[in-house]
Amino acid sequence: MRRVLILRPEPAAGRTAEKARALGLDAHVHPLFAPRPVAWAPPVPEDFDALLLTSANGVALAGPALDHYRALPAYGVGATTAQALTQAGFADVVAGTGDGSAIAAQIAANGHRRVLHLAGTTVAPIEAGPLEISRIAVYSMASLPDDPALLDTATPGSILLIHSPRAGERLSAQIPQAQRATLHIVAISPAALAACGEGWASGNAPAQPRDEEMLALARRLCE
């Protein structure tokens, strides 16, 4: 069976690995980044009528100031982020099923306009539409040192899961051209796939930027 290498940061990498193993895939975790909190000045909650988080890392690393916004309707991109908000004490939580732009449209459709977005220092573009989105970075993704074990684990036929354009760039810098021709890429988006560069055995991105769809593509490559 082909190996599936999960390169996203922990703890999300562990969750993806559990899903992969439940599908019978040979999953290996090699994070390229690690989340780190950054200092931030929380604005007054009265300036907003909705809260948006595009990663569970924002919930975990925002610190005690996150509690200031519990009275706001909270939107999380994906079930994992929404669950983290619920566990953090938010009562009115909506889970998006697409990307940041999709949930922004949902927020607007629900009648909100002034949105506080607690995010990382690097964020995928969001089509705000009529929303006034104030984005504040509460965490960053620190690059981990290059791991020589990644080259050894990526045996011929392995499938590498790429969850961001930045991860694609890091991977492209670490995997030599001679080794790429034997490896397959499954990226969360076309932008993440493009960041991986050229020369791979194959490259695919799902219709929706979801773990489950990425793993479905990986499973088909294993058949």
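Screening residues 7-58 for ring-ring contact (aromatic ring centres under 6.0 Å, His included) gives no qualifying pairs among residues at least two apart or on separate chains. Sequence neighbours left out, the pairs with a member in residues 63-78 that pass side-chain hydrogen bond (donor to acceptor under 3.5 Å, both in side chains) are Asp67-Arg70, Tyr75-Asn110, Tyr75-His112. Sorted pairs that involve residues 39-64 and meet salt bridge (charged side-chain N to carboxylate O under 4.0 Å, His left out), not counting sequence neighbours, are lacking altogether. For residues 159-215, no residue pair satisfies the ring-ring contact (aromatic ring centres under 6.0 Å, His included) rule, not counting sequence neighbours. The list of salt bridge (charged side-chain N to carboxylate O under 4.0 Å, His left out) pairs with a residue in residues 171-199, not counting sequence neighbours, is empty.
With rounding to the nearest 0.5 angstrom, the CG atom of Leu25 is 11.5 Å from the CZ atom of Arg2. Separating the CG atom in Leu51 from the CG atom in Leu66 is a distance of 6.5 Å, to the nearest 0.5 Å. Put simply, CG on Leu5 and CG on Leu160 are 5.0 Å apart, with the number rounded to the nearest 0.5 Å.
With sequence neighbours excluded, no residue forms a side-chain contact (heavy atoms from CB on, under 4.5 Å) with Ala71. In this view, Asp211 and Arg8, Lys19 satisfy the salt bridge (charged side-chain N to carboxylate O under 4.0 Å, His left out) rule, not counting sequence neighbours. With sequence neighbours left out, the side-chain contact (heavy atoms from CB on, under 4.5 Å) criterion links Gln208 to Arg210, Glu213. Applying the side-chain contact (heavy atoms from CB on, under 4.5 Å) test to Thr97 and every residue at least two apart in sequence or in another chain returns nothing.
Between Gln106 and Val94, some side-chain heavy-atom pair lies under the 4.5 Å cut-off. The closest side-chain heavy-atom distance from Arg170 to Asp146 is below 4.5 Å.
Taking every heavy atom of both residues into account, Ser172 and Ala195 meet most closely at CB-O, 4.0 Å. Of all heavy-atom pairs between Ala17 and Val29, the closest is CB-CG2, 3.8 Å. Here the closest non-hydrogen pair linking Ala27 and Ala20 is CB-CB, 3.8 Å. Residues Leu171 and Leu32 share a closest heavy-atom pair of N-CD1, 4.2 Å. Residues Pro9 and Pro35 approach most closely at CB-CD, 3.9 Å, considering heavy atoms. Contact record, Ala201 with Ala181: CB-O, 3.3 Å, taken as the closest heavy-atom pair.
Counting only distance, with no hydrogens or angles, the side chain of Arg166 and the backbone of Met141 share a donor-acceptor pair below 3.5 Å. A donor-acceptor pair under 3.5 Å is formed between the side chain of Arg3 and the backbone N or O of Thr153.
Note: the hydrophobic cluster containing Leu183 does not contain Leu161 (ILVMFWY, side chain heavy atoms under 4.5 Å, direct or indirect links). There is no path of hydrophobic side-chain contacts, each under 4.5 Å, that joins Val59 to Leu52. Val115 and Leu72 fall into different hydrophobic clusters, where Ile, Leu, Val, Met, Phe, Trp and Tyr side chains are chained together by heavy-atom contacts under 4.5 Å. No continuous path of ILVMFWY side-chain contacts below 4.5 Å connects Leu144 to Ile6, so the two sit in separate hydrophobic clusters.
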Give every donor-acceptor pair under 3.5 Å between a side-chain atom in residues 215-223 and any protein atom, sequence neighbours left out.
none

Show every donor-acceptor pair shorter than 3.5 Å between a side-chain atom in residues 116-140 and any protein atom, with sequence neighbours excluded, or say none if there are none.
residue, atom, partner, partner atom, Å
His117, ND1, Arg135, NE, 3.0
His117, NE2, Thr54, OG1, 2.9

Tabulate below the donor-acceptor pairs under 3.5 Å that side-chain atoms of residues 78-90 make, not counting sequence neighbours, or state none.
residue, atom, partner, partner atom, Å
Thr81, OG1, Ala56, N, 3.2
Thr81, OG1, Val77, O, 3.2
Thr86, OG1, Ala82, O, 3.2

Worksheet entry | side chain to side chain contact (heavy atoms under 4.5 Å, CB included) between Ile185 and Ile159, intermediate numbers included | CA-CA 6 Å; Ile185 299 292; Ile159 303 163; over 6 Å; no
Item to complete: Test side chain to side chain contact (heavy atoms under 4.5 Å, CB included) on Ile162 and Leu193 and set out the steps.
Response: CA-CA 8 Å; Ile162 301 299; Leu193 181 59; over 6 Å; no
